[in-house]
Amino acid sequence: MAKFTSIITLLFIVLIIFSAFDCLIINPDIYKEEPTMVKGQKSCKRKPKAGRRFCKRDAICQKTCVEIEKAIRGTCDYKFPWTQCFCHFPC
């Protein structure tokens, strides 16, 4: 029983490590400098017209919003009943 528990624990640790570095392997460009906003400037958010509107990771939403929609940034926000992608544009 102890051997089985140690194997499950090891697999769990490996899963956590791979999920942490998943963004770096798939899309290393997400950590580049974002366009800056003027201090006090508000941003309006809306769903993207292109790409996926439902998201699991911010990296995919960020890439869609910045590269395709030409937005300032993209975030995955929870809106009932699931997480959706929103692009932030200057108002």
Side-chain angles (χ1 to χ4, degrees):
M1 183 68 176
K3 187 175 184 180
F4 178 73
T5 306
S6 63
I7 290 173
I8 295 298
T9 305
L10 180 66
L11 289 175
F12 183 71
I13 291 171
V14 170
L15 177 69
I16 290 174
I17 291 171
F18 280 126
S19 65
F21 293 108
D22 187 35
C23 293
L24 292 175
I25 294 169
I26 292 175
N27 189 8
D29 298 333
I30 62 170
Y31 296 107
K32 288 185 177 177
E33 186 175 334
E34 296 180 13
T36 56
M37 291 181 59
V38 177
K39 186 175 182 178
Q41 181 181 11
K42 294 185 178 181
S43 66
C44 299
K45 67 179 185 178
R46 67 172 171 84
K47 294 181 185 176
K49 295 179 181 175
R52 299 178 61 182
R53 295 179 184 207
F54 309 108
C55 61
K56 295 180 183 177
R57 294 193 330 239
D58 279 330
I60 296 171
C61 183
Q62 173 82 8
K63 184 176 181 180
T64 302
C65 289
V66 172
E67 292 180 5
I68 298 173
E69 300 283 331
K70 305 300 182 204
I72 297 169
R73 68 177 189 266
T75 57
C76 291
D77 298 333
Y78 180 78
K79 187 172 181 184
F80 183 78
W82 46 72
T83 306
Q84 298 178 0
C85 181
F86 286 98
C87 298
H88 296 261
F89 295 92
C91 291

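If you read the sequence from its start, that first residue is 1, and numbering goes on from there. Hydrogens, waters and symmetry mates play no part in the numbers below; they use all other heavy atoms, side chains included.
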A.B. asks: May I ask you to decide whether Glu69 forms a salt bridge with Arg46, counting only side-chain N to carboxylate O separations under 4.0 Å?
C.D. replies: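 Salt bridge between Glu69 and Arg46, a charged N being under 4.0 Å from a carboxylate O: yes.
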A.B. asks: Tell me if the SG of Cys55 lies under 2.5 Å from the SG of Cys76.
C.D. replies: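 Yes - the two cysteines, Cys76 and Cys55, have SG atoms within less than 2.5 Å of each other.
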A.B. asks: Please list, chain by chain and in numerical order, all residues satisfying side chain to side chain contact (heavy atoms under 4.5 Å, CB included) with Ile8, sequence neighbours excluded.
C.D. replies: Phe4
A.B. asks: Roughly how far apart are Gln62 CD and Cys85 SG, rounded to 0.5 Å?
C.D. replies: 9.0 Å
A.B. asks: Got Arg73 and Thr75 here, is their nearest side-chain heavy-atom distance under 4.5 Å?
C.D. replies: yes
A.B. asks: Is there side-chain contact between Asp77 and Lys45, with at least one heavy-atom pair below 4.5 Å?
C.D. replies: yes
A.B. asks: Using a strict SG to SG cutoff of under 2.5 Å, would you count Cys65 and Cys87 as disulfide-linked?
C.D. replies: yes
A.B. asks: At their closest point, which heavy atom of Ile72 faces which heavy atom of Val66, and how far apart are they?
C.D. replies: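 Closest approach of Ile72 to Val66: O-CG2, 3.9 Å.
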A.B. asks: Are the side chains of Phe86 and Lys79 in contact, using a 4.5 Å heavy-atom criterion?
C.D. replies: yes
